[in-house]
> 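What follows is a structure written as structure tokens; I'll ask about it next.
Just so we're on the same page: letters track the sequence lines, and every chain starts at 1.
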There are 2 protein chains.
Amino acid sequence: MTSSRATLIQVAQRAGVSLASTSRALHGTGASPAMVERVRAAATELGYSPDAIGRSLRLKKTFQVAFAVADIGNPVYVEMMTAIHEVLAPHGYRVVVMTTGDTTTSTVELVRSLSSGFVDAMILSPLRTDDELVEEIRQAPVPVVVIGRTLADRGIDSVSTDSAGGIGEAVRHLLGLGRRRLVFLNGPLDTTPGEARQRGFDAATRADEFAGERADAVVAADFTVAAGLAATRALLAASDGGARPDAIVAANDLLAIGAIRAVRERGLSVPDDVAVTGMDDTEIGRVFQPSLTSVSLGSTERGRIAAELVVDLVDGDAQAGRHTAVGPRLVVRESTAAAVAAPEASGQHQASDAVGHGATAEAAGRGTR
Amino acid sequence: MTSSRATLIQVAQRAGVSLASTSRALHGTGASPAMVERVRAAATELGYSPDAIGRSLRLKKTFQVAFAVADIGNPVYVEMMTAIHEVLAPHGYRVVVMTTGDTTTSTVELVRSLSSGFVDAMILSPLRTDDELVEEIRQAPVPVVVIGRTLADRGIDSVSTDSAGGIGEAVRHLLGLGRRRLVFLNGPLDTTPGEARQRGFDAATRADEFAGERADAVVAADFTVAAGLAATRALLAASDGGARPDAIVAANDLLAIGAIRAVRERGLSVPDDVAVTGMDDTEIGRVFQPSLTSVSLGSTERGRIAAELVVDLVDGDAQAGRHTAVGPRLVVRESTAAAVAAPEASGQHQASDAVGHGATAEAAGRGTR
DNA sequence: TGGGAAGTTGGAAACGTTTCCAGACACGAC
DNA sequence: GTCGTGTCTGGAAACGTTTCCAACTTCCCA
């Protein structure tokens, strides 16, 4: 009913007391019970609610945290964002989503924009990192927590994972299953994940335990199903005469799904003829048939930890420069499971319990509306 | 290098001119070239960048828009958010993500919180709507655009779709393919989507063209793969002796995937024996094998339109109360496609071109990092 | 009864910005 | 030479809040 929003001054006038007392009364600090009573009455009467901007100006605090990534639609980032929001909201912080763009220069630009002071901190997960960006982060006027590379040595809070090691886990898993002719299906090498995962594969296949086995790598044009399909088709066509791979390690779940399609196209079975692993442990992989063995990089946990670091920095008295690593975790599902006698002639596997429980249950209610 | 952020006052002092002139010079309004030159120099020298809070206080404008939904991890909402961000960012607006909670009362609470003035507008997609919520939205101190129910008659901007009509499209598509024994696989009826879609199925199967055919409905516990699997298993077991359905209309993509699993479990083929349709046209459905015929409800477009409405309301001089409906759009894929001779004995379909192009291509680079 | 302490209150400043208003100045026209 | 017009500049107010500081009251104890 009140035409416009009521201000503290109006509440003070209505209560017939000073502005200072009004503020104190509403905060319950050093005000007599009578005063509190009186001011509260006036406040509710006018439907007063404090103005966030005025408050921020005075307190030099926005109660906002930015979350910046290259692509806010990427399921991995969505998981992070959800976790970040869950941690920050109870502490009274709002989450502002931002995009970094693809390049480090646009990311530098974004970090620089922090100087206008619209957030109290930023959680940043850059696609690529260079010295200029690191320097910009160091000089940022508010704390920046980086999800990605370890930057503790530069005095920057960071949360990292070990995707290279994760690829290693996938490789060892396949070796343990008796697979001997591995192919690594990677995405573009000039990306941070592509580079790291390649390094992981190279390291794992140079290890002693792998001595004497065959390991090849192919590079898909993109981290997509289509690219994985195309690259695997080419791979299988080329290796037709020679020794066909009996396992494919894909650099992410979408590539893995593309690979599975290509394998099946040739009348081969997954996992009997070719086992396939993915990475990121996305819902798509969990739901796919066969459900995907995948290396989880703990996106949710990384988001959660980054948010907790932010809270410590902003509310608490923590010093910047801490670092947490979230270990990769292999989740074994049908795409590498020991062969099971299929009920039908080919290809079809029993729907495993893996789907619809555990991880998938988190997604209850999703996908509609 | 500057210890703290420079303020406009400091720039003014440095330039040796008044505060007012400094502000004008930086905005290029009514200042002499010499003044502009002088102030610019001082500003860059000090690394000045305007304070967002001070600016907001004076201008009564936050350059922020809230996007509020029940579950920010839901792919449908993620699509909306991405579109909203894409529209708003070029206009200089930041996006703040918020959660409504499951109930209308918590949603009312959220809308009420707008009175602290931390955003210039809100885009709200509530799970449920009641009169109290509508009233609260009407009285909100900033424009609220609703994605969901049509509320133009209440003077509220809204963007809706027609999920009931979408179910109708799916039904007619299946009838056109010669399917005659349809089952509707719905989620909980006490949700807005569940209720609307049920209405759509009932209407479609009461239509003339459907006269004489069989139509049943089953309700899954949830809008999830697991619930769809369980419900369809029960359905198929019950109809074993009698006439088995030859088509399943699922209320969303996850239910549809569950249904496909259950159908295959019994050694039946999709789409040959049972055709299946989903709804929401999610990436999961596009990637699944068989790729899913699904009714798109245009999440991206609804988000885009809502954001454009916001821009008109906040930057322009638009009046509240407009309404846009985004029509449902059936996307036909393998799960209902005319049967194709499979290369192997059973079940396997050729990977169709549908995957990896068009819709999937949007997702380039996703799913990793 | 005087005085200090403790508790309450109001005035005023401050946060950083934009903009109204009035004054100063230059310039051209009469 | 004067006046009017137009351009530019600076002072000051305003946005809404919190908090420092001083002043006032009350109360208790010496």
Side-chain angles (χ1 to χ4, degrees), chain A residues 2-40 42-43 46-64 92 114-120 141-142, chain B residues 2-40 42-43 46-64 92 114-120 141-142:
Chain A
T2 44
S3 58
S4 190
R5 282 172 39 207
T7 137
L8 196 61
I9 301 184
Q10 294 169 23
V11 176
Q13 287 171 342
R14 178 85 167 208
V17 298
S18 80
L19 183 57
S21 299
T22 310
S23 176
R24 277 189 299 254
L26 291 180
H27 285 82
T29 64
S32 69
M35 174 68 82
V36 170
E37 167 67 18
R38 202 166 163 182
V39 170
R40 284 240 180 92
L46 292 175
Y48 170 76
S49 93
D51 180 78
I53 303 297
R55 193 144 199 278
S56 290
L57 182 63
R58 174 64 223 231
L59 295 180
K60 296 189 150 307
K61 195 153 198 266
T62 62
F63 300 98
Q64 297 193 147
L114 289 175
S115 60
S116 56
F118 58 96
V119 290
D120 298 332
V142 297
Chain B
T2 44
S3 59
S4 190
R5 283 171 38 207
T7 138
L8 196 62
I9 302 184
Q10 294 168 22
V11 176
Q13 288 171 342
R14 180 84 165 207
V17 298
S18 81
L19 184 57
S21 299
T22 310
S23 177
R24 276 189 300 254
L26 291 179
H27 284 83
T29 64
S32 68
M35 174 69 81
V36 171
E37 168 65 19
R38 202 166 163 183
V39 170
R40 283 241 180 91
L46 293 174
Y48 169 76
S49 93
D51 181 77
I53 304 298
R55 195 143 196 279
S56 290
L57 183 63
R58 174 64 224 233
L59 294 181
K60 295 187 151 308
K61 194 149 200 265
T62 62
F63 301 97
Q64 297 194 146
L114 289 176
S115 61
S116 55
F118 57 95
V119 289
D120 298 332
V142 297

> With side chain to side chain contact (heavy atoms under 4.5 Å, CB included) as the test, would you mind laying out the steps for A/Val142 and A/Asp120 before giving the verdict?
CA-CA 6 Å; A/Val142 297; A/Asp120 298 332; 5.7 Å; no
> Using atom CD1 of A/Ile9 as one end and atom C1' of C/dA13 as the other, report the distance to the nearest whole Å.
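Value for this atom pair: 14 Å.
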> Of the nucleotides C/dC15, C/dT17, D/dT9, which has the atom closest to the B/Ser32 side chain?
D/dT9
> If you compare every side-chain N and O of A/Lys60 against the phosphate oxygens of C/dG16 (OP1, OP2), does one of them come in below 4.0 Å?
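Looking at the OP1 and OP2 atoms of C/dG16, one of them is under 4.0 Å from a side-chain N or O of A/Lys60.
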> Expressed in angstrom and rounded to an integer, what is the separation of B/Glu37 atom CD from D/dC8 atom P?
16 Å
> Mind jotting down which residue pairs meet the salt bridge (charged side-chain N to carboxylate O under 4.0 Å, His left out) criterion with at least one end in residues 7-30 of chain A? Sequence neighbours excluded, please.
A/Arg14-A/Glu45
> A/Leu8 has an atom CG; how far is it from atom C1' of D/dC15, in whole Å?
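Answer to the nearest Å: 13 Å.
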> In whole angstrom, give the distance that lies between atom CG of A/Asp51 and atom C1' of D/dT17.
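Value for this atom pair: 8 Å.
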> Report the distance from atom CE of A/Met35 to atom P of C/dT8, rounded to the nearest whole Å.
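Atom CE in A/Met35 sits about 10 Å away from atom P in C/dT8.
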> How long is the line joining CD of A/Gln13 and P of C/dG10, in whole Å?
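Answer to the nearest Å: 13 Å.
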> More 5' along DNA chain D: B/Ala31 or A/Arg55, using each one's nearest nucleotide?
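Going by which nucleotide is closer to the 5' end, it is B/Ala31.
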> Any chance you could measure B/Thr62, atom OG1, to B/Phe118, atom CZ, to the nearest 0.5 Å?
9.0 Å
> Using whole Å, report how far CZ of B/Phe118 lies from P of D/dT17.
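That distance rounds to 15 Å.
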> How would nucleotides 19-25 of chain D be written as a contact map, 5' to 3', with B for base contact, S for sugar-phosphate-only contact and - for no contact, using protein heavy atoms under 4.0 Å?
BB-----
> Closest to the B/Ser18 side chain: D/dG10, C/dT17, D/dG16?
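Of the options given, the side chain of B/Ser18 lies nearest D/dG10.
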